[in-house]
There are 2 protein chains.
Amino acid sequence: MLPQRRQKILAAIVEQYIETGEPVGSKALQSIAGLDVSSATIRNEMAELTAQGLITQPHTSAGRVPTQAGYRYYVDNLMKPAELEENERRRIESGLDYRSGDPEQLLQAAGEALVDFTNFAAISTTPSDEHAFIKNIEMVPVSPKMAMIVLLTSTGILKSKACRTDVPITPDLQDTFSDIVRKNFFGTPLSDVNTVMIQTLVASLGAKALSMSPLLVTISDLVEAASVSEINLSGQSNLLGYKEYNDNAGQLLDFLHREEPLGMLVSASGDSDSDIEIRIGSENRYKELENSSMIISKYKIGDNATGAIGIIGPTRMNYSKLVPSIKYLTDIISKFLSDVYEEESSSGEEDS
Amino acid sequence: MLPQRRQKILAAIVEQYIETGEPVGSKALQSIAGLDVSSATIRNEMAELTAQGLITQPHTSAGRVPTQAGYRYYVDNLMKPAELEENERRRIESGLDYRSGDPEQLLQAAGEALVDFTNFAAISTTPSDEHAFIKNIEMVPVSPKMAMIVLLTSTGILKSKACRTDVPITPDLQDTFSDIVRKNFFGTPLSDVNTVMIQTLVASLGAKALSMSPLLVTISDLVEAASVSEINLSGQSNLLGYKEYNDNAGQLLDFLHREEPLGMLVSASGDSDSDIEIRIGSENRYKELENSSMIISKYKIGDNATGAIGIIGPTRMNYSKLVPSIKYLTDIISKFLSDVYEEESSSGEEDS
DNA sequence: TTTAGCACTCATTAGTTCCGAGTGCTAATT
DNA sequence: AATTAGCACTCGGAACTAATGAGTGCTAAA
């Protein structure tokens with residue numbers, strides 16, 4: 001635990017640096033931190049903080065800048081989360097698209113709301129729910145030997161895919177399909193549908209196997225697609241504006257463009273207990289992110305389904321403002337999605 | 001019409017500059033263009049070309065660079081479209097996702113294929129078809145007073161939206177809905193569905209109007225959404241790499257981020273008769289694009305539906321290579337989408 | 001009409017100086 | 001023991017200068 005005065009100084013350095021982006025000198029601190037001591041005293045304290053690795057100087061004749069550890073200490077011990085103003089709340093909400101009941105769209109919109117609000121890049125995932133089950137499967141013929149298969153899950157995910165059949169599609173065939181689907185898939189957890197299950201099913205169909213096989217395989221594909229939680233990234237171009245990325249912004253954007261690591265970024269946030277996680281610089285584990293911070297928050301639908309939403313930006317970001325903003329957005333999302341997709345058991349009497 | 005030798009010189013300047021990005025001097029040209037004249041002669045010709053506004057010098061002691069008019073002349077009169085190599089064809093094709101029958105996904109994938117292939121940003125639109133009609137509408141209950149409505153059009157566009165009903169959803173209500181939809185919507189052109197049509201229909205329902213109204217309004221929303229052709233932009237971050245955008249790449253990205261102008265960009269390509277259009281620099285009409293070129297190609301599904309796909313990059317791009325590439329991609333898309341969605345009338349006997 | 005020759009231009013690079021913000025240390029002060 | 005005034009020192013950045021050389025336009029000869 002740092003002595004109080006040193007804490008004050010550290011907090012002042014962090015906050016001032018976040019605001020201006022310029023290294024903070026001892027003179028400047030004198031007026032900022034509410035301390036009635038001379039700049040020399042502050043310099044002594046700063047020397048201590050430097051020795052402890054919490055701040056550093058870009059070069060000998062410059063002021064101090066927080067190190068990664070400094071940010072961490074600030075975030076863990078010193079930061080006071082800001083109250084959200086009413087109009088900020090409104091700004092966040094207004095970006096959300098409540099209308100379409102599609103959770104994928106909602107999360108996409110939420111990401112973009114964050115982009116607009118924060119001027120950073122935002123990342124969001126669609127809900128993944130290990131207990132999700134199949135709500136409905138429809139087959140819609142589009143041509144003699146081609147049909148569209150549509151899958152709807154209990155979490156509101158809708159996936160569709162065209163499927164070419166080996167034999168012409170007759171009303172009879174449609175009925176058969178409908179029967180099979182009703183018996184074998186409705187209410188089935190997504191996790192229970194896999195290649196083996198499909199093959200067993202096909203095998204049991206006897207004469208009908210030939211005509212049904214491509215359709216059932218398509219179902220398997222759709223379930224697969226519905227199980228994977230999608231990751232949306234938006235607002236990357238915002239990052240160009242920040243001078244900390246000056247030349248190699250392209251490098252960061254390329255990194256974010258590759259989708260694989262994004263999954264890691266978000267899923268790794270399972271470790272901590274709290275529902276909001278701040279990762280500063282190299283805490284992100286990826287070299288490309290060593291100058292970036294993420295603030296990731298998990299949302300929940302009822303008790304099972306979860307996803308995450310958050311931002312990526314330079315380590316110099318206004319944590320005390322962003323944390324409550326993201327928390328607020330997450331709460332809205334959780335509430336809205338829970339309202340819609342967990343209504344089954346409740347009586348659900350509210351109107352819009 | 002320029003004298004032949006001058007044409008050769010212009011072509012050499014354009015091609016050399018496209019390749020290296022450096023201003024081209026008279027000495028260098030001597031060896032590049034197959035001309036057996038001294039650099040002094042070439043200098044004289046260059047002076048002429050400069051006077052005609054086809055080339056310019058960045059500064060007094062530098063070589064020449066094509067002006068926008070120079071590129072235009074080159075593209076219109078001098079350029080020889082390159083033959084695509086077999087492996088280039090494969091590279092383009094391999095990026096396409098044929099599997100899901102969803103044209104929106106296909107076009108998205110096509111855009112990304114272009115991004116990978118060209119290293120520029122790509123833009124693509126989903127098909128818009130004034131003669132498209134409604135193929136199917138399904139209602140899927142998700143909770144007592146909530147249903148998912150799914151719309152499928154003749155062009156394969158699938159849209160869905162959640163809808164909250166005023167009364168509980170009963171099998172009876174579902175049947176009623178199903179009847180109404182079958183009678184009034186199946187086969188109806190998208191353009192015929194509008195607020196007036198919906199209101200007339202609701203009015204004619206008598207006692208059932210109350211329960212049906214929200215559902216029918218949702219249909220109207222879905223038709224609206226299906227009618228608008230979506231615009232996909234991808235690969236923006238590629239543009240950062242090009243030094244012509246050096247500092248203000250952010251400005252361009254911001255411009256591309258706003259979606260409104262994109263529609264203009266693509267739709268404006270209706271003017272010309274040819275199916276591929278090259279717009280150089282300020283020909284794009286937007287100040288933000290004065291250093292950029294677009295190559296846009298239209299695809300067709302059968303005779304009605306059309307959309308566009310193309311690239312955006314610095315004016316210094318390899319037109320002679322890119323034009324055939326994009327043409328090739330467009331052909332594939334046209335063929336594939338036509339195969340799938342224009343099969344109705346034909347006997348459609350091919351297998352995959 | 002073409003070409004050799006030459007003076008001229010000017011972006012770029014490297015080298016130099018100067019300035020001042022900010023530091024660390026020492027010695028005096030409380 | 002803690003604080004402060006004073007001062008020498010460091011070093012990044014700005015401003016200026018000089019040298020370089022690629023490329024030009026022009027003139028006069030072929």
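For the numbers below, each heavy atom of this structure counts, side chains included, while hydrogens, waters and symmetry mates do not.
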Run the numbers on B/L2 and B/L10 for side-chain contact (heavy atoms from CB on, under 4.5 Å), then give the verdict.
-> CA-CA 10 Å; B/L2 293 177; B/L10 176 58; 4.3 Å; yes
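- When the P atom of C/dT23 is taken as reference, atom CE of A/M46 falls 5 Å away, rounded to whole Å.
- Across the protein-nucleic acid pair, A/K27 atom NZ and D/dG6 atom P stand 12 Å apart, rounded to whole Å.
- Of the two residues contacting DNA chain C, namely A/P23 and B/A40, the nearest-nucleotide position lying further toward the 5' end is that of B/A40.
- When the side-chain nitrogen and oxygen atoms of A/R43 are compared with OP1 and OP2 of D/dT4, none of them lie within a distance under 4.0 Å.
- When the options A/E290, A/Q68, A/K287 are evaluated for a side-chain hydrogen bond (donor to acceptor under 3.5 Å, both in side chains) with A/S282, the one that passes is A/Q68.
- Of all nucleotides listed (D/dT24, C/dT3, C/dG24), D/dT24 comes nearest to the side chain of B/Q57.
- A donor N or O paired with an acceptor N or O is not found under 3.5 Å between the base of C/dC10 and the side-chain atoms of B/T60.
- Proximity of the aromatic rings of B/Y74 and B/Y319 is defined here by a centroid distance below 6.0 angstrom, and this criterion is not met.
- What separates CD of B/E48 from P of C/dT1 is a distance of 11 Å, to the nearest Å.
- Contact annotation: B/S61 side-chain N/O to D/dA22 OP1/OP2 distance is not under 4.0 Å.
- Atom-to-atom, CG of B/L35 to P of C/dT3 comes out at 10 Å; the value is rounded to the nearest Å.
- In this entry the distance linking CD of A/E22 with P of C/dG22 reads 10 Å, nearest Å.
- For A/R285, the CZ atom sits in a loose shell: 12 or fewer heavy atoms of surrounding residues, nucleotides or ligands are nearer than 6.0 Å.
- At the heavy-atom level, A/S26 lies under 4.0 Å from the strands shown only through sugar-phosphate atoms.
- Rounded to a whole Å, the CD1 atom of A/I55 is 14 Å from the C1' atom of C/dG24.
- B/N291 places no side-chain N or O within 3.5 Å of a backbone atom of B/E244 that could act as its donor or acceptor partner.
- In this entry the distance linking CG of B/N44 with P of D/dG25 reads 9 Å, nearest Å.
- The side chain of A/V37 has D/dT4 as its nearest neighbour among D/dT4, C/dT3, D/dG25.
- Counting to the nearest Å, the P atom of D/dG25 and the NE2 atom of B/H59 are 13 Å from each other.
- Listed nucleotides: C/dG24, C/dT2, D/dG21. Nearest to the side chain of B/R5: C/dT2.
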